[in-house]
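In what follows, every heavy atom counts, from backbone to side chain, and hydrogens, waters and symmetry copies are set aside. The sequence lines fix the lettering, A, B, ..., with proteins before strands; numbering per chain opens at 1. Worth saying up front: this structure is predicted, and the values here are computed from it rather than measured.
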There are 2 protein chains.
Amino acid sequence: MHSGLVASRSADQRGSRESRNGSPQLDAVSLAIIEQLQEDGRRPYAAIGKAVGLSEAAVRQRVQKLLDQGMMQIVAVTDPLTVGFRRQAMVGITVEGDVEAVADALAAMSECEYVVMTAGSFDLMVEVVCEDDDHLLDVISKRIRAIPGVRSTESFVYLKLKKQTYMWGTR
Amino acid sequence: MHSGLVASRSADQRGSRESRNGSPQLDAVSLAIIEQLQEDGRRPYAAIGKAVGLSEAAVRQRVQKLLDQGMMQIVAVTDPLTVGFRRQAMVGITVEGDVEAVADALAAMSECEYVVMTAGSFDLMVEVVCEDDDHLLDVISKRIRAIPGVRSTESFVYLKLKKQTYMWGTR
DNA sequence: GTCAGAGCTACGAAATCCGCAGGGTGTGAA
DNA sequence: TTCACACCCTGCGGATTTCGTAGCTCTGAC
């Protein structure tokens, strides 16, 4: 098990650098590591090291830090429609008042897989994953619209997922 | 120790079964494996096997098949905004004529990370990842609007990504 | 100069991955 | 019924990978 609670505080190190909004910026090597893991999340550290010019241990330490910092996650992704979730929808939301507070409330809902603040005729866009129509109806009309500050919602029920990629950079 | 599980699974021995639309459906064990890998894409096969009641080799074979069939991918995911892509947007598209043909054309564009057919006031929703404003402008006004059948587009530029999860099932 | 922190390499031990042989259980044809 | 076949699982070596750690270098602060 490697569940160590390593309290690695984000200091200014050679691998990353602070930008103006506080989120650490990645250097070229870490970017190359991420590209490798975007192609195959289980690729061995030694193979990654050979591709980016680092030793196996160095790659391992960088990956562990990226995971600890929450800047990257290595996960299995599927099309939810093939995994038993029959109803998915993108919901556009307009807000009066504190947008970020509404976003936090949405992020706390397990059915909301994806929450993003946007510019345009919606203030927020949320991807909702539900088991069936009743569940979706409940989430949208009861739970989301009940959040203080939500002015209106518009739903776009998914009919078919055509593409899903995680390989920016490799192009 | 495995007799009970095997017995309860005897009716549905195969890992996958054809459904009405031709896409293979997953059984409970493969779902459990996916859940494990949604928590940690690098979790060892033996640990997964212990959690779902299968041997290490069986888990490995099932995972390999899920990957080969394209039903699951194990990848690193990040917030593109922290990885050098400054501009991201969700684009809603209305189509006249063959929606699927337009969707295929969009899926062929490397900047389109996510393409989904929807019901509602948009026929398609597309997530676009770009390096800067010029790039985004080029993609939306020149490339997307040039696709035959695209009637109109509406863009929602990302300001901040608040949540990104891949853990349906584990709730 | 000296010290502390961060990152890298090297390396042995432990754990994991991999390929393959063998066996059990359904299914469908004769 | 009986047989052949497909499918999936288990077990087991050997190869590979992961893991933890010690030692080195570089940089910035004092």
Side-chain angles (χ1 to χ4, degrees), chain A residues 1-19 23-34 36-37 39-69 71-76, chain B residues 1-19 23-34 36-37 39-69 71-76:
Chain A
M1 290 303 172
H2 48 73
S3 61
L5 294 173
V6 182
S8 61
R9 285 179 289 120
S10 60
D12 198 338
Q13 60 226 2
R14 210 187 299 177
S16 63
R17 179 158 296 187
E18 293 288 326
S19 65
S23 62
Q25 203 71 5
L26 298 167
D27 69 354
V29 177
S30 288
L31 267 180
I33 292 174
I34 291 175
Q36 294 287 318
L37 290 171
E39 289 179 18
D40 176 6
R42 274 182 170 261
R43 182 162 297 169
Y45 295 132
I48 298 172
K50 189 169 295 184
V52 307
L54 240 54
S55 71
E56 173 268 337
V59 173
R60 175 157 40 92
Q61 290 158 10
R62 284 207 184 219
V63 168
Q64 193 56 51
K65 176 154 35 171
L66 288 170
L67 295 173
D68 288 341
Q69 291 176 333
M71 301 196 56
M72 176 183 76
Q73 37 183 336
I74 300 176
V75 295
Chain B
M1 63 174 283
H2 52 79
S3 55
L5 183 53
V6 170
S8 67
R9 195 155 35 84
S10 57
D12 191 41
Q13 169 84 351
R14 300 149 70 101
S16 61
R17 173 161 297 187
E18 293 291 325
S19 63
S23 62
Q25 203 72 3
L26 298 167
D27 69 353
V29 177
S30 288
L31 269 180
I33 292 174
I34 292 175
Q36 294 287 318
L37 290 171
E39 289 179 18
D40 176 7
R42 275 183 169 260
R43 183 161 297 169
Y45 295 132
I48 299 173
K50 189 170 296 183
V52 307
L54 240 54
S55 69
E56 176 267 341
V59 173
R60 176 157 40 89
Q61 289 159 8
R62 285 207 183 218
V63 169
Q64 193 56 51
K65 177 152 64 171
L66 289 170
L67 296 174
D68 289 342
Q69 290 176 332
M71 300 196 59
M72 176 183 75
Q73 36 184 336
I74 300 176
V75 294

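- Looking at residues 41-57 of chain A, you'll see A:Arg42, A:Leu54, A:Ser55, A:Ala57 sit with a heavy atom under 4.0 Å from some atom of DNA chain C.
- Heavy-atom minimum distance, B:Glu56 versus B:Ala46: CG-N, 3.9 Å.
- From B:Leu37, atom CG reaches atom CD1 of B:Ile48 across 4.0 Å, with rounding to the nearest 0.5 Å.
- Taking only side-chain nitrogens and oxygens, B:Arg60 never comes nearer than 4.0 Å to OP1 or OP2 of C:dG19.
- Remark: P of D:dC7 and CD of B:Gln61 are 13 Å apart, rounded to the nearest angstrom.
- Dashed line: the shortest gap from a side-chain N or O of A:Lys65 to OP1 or OP2 of C:dG7 is under 4.0 Å.
- With values rounded to the nearest 0.5 angstrom, A:Arg42 atom CZ is found 10.0 Å from B:Arg43 atom CZ.
- For the pair B:Val29 and B:Leu54, the tightest heavy-atom approach, listed with the atom from each and the gap, is CG1-CD2, 3.8 Å.
- Between A:Asp27 atom CG and C:dC8 atom P the separation is 8 Å, expressed in whole Å.
- Taking atom CG of A:Asp68 as the reference point, atom C1' of C:dA6 lies 15 Å away to the nearest angstrom.
- The only option from A:Arg62, A:Met71, A:Lys65, A:Met72 that meets the side chain to side chain contact (heavy atoms under 4.5 Å, CB included) definition with A:Ser30 turns out to be A:Arg62.
- In this structure, CG in A:Leu26 is found 5.0 Å from CD1 in A:Ile34, a value given to the nearest 0.5 Å.
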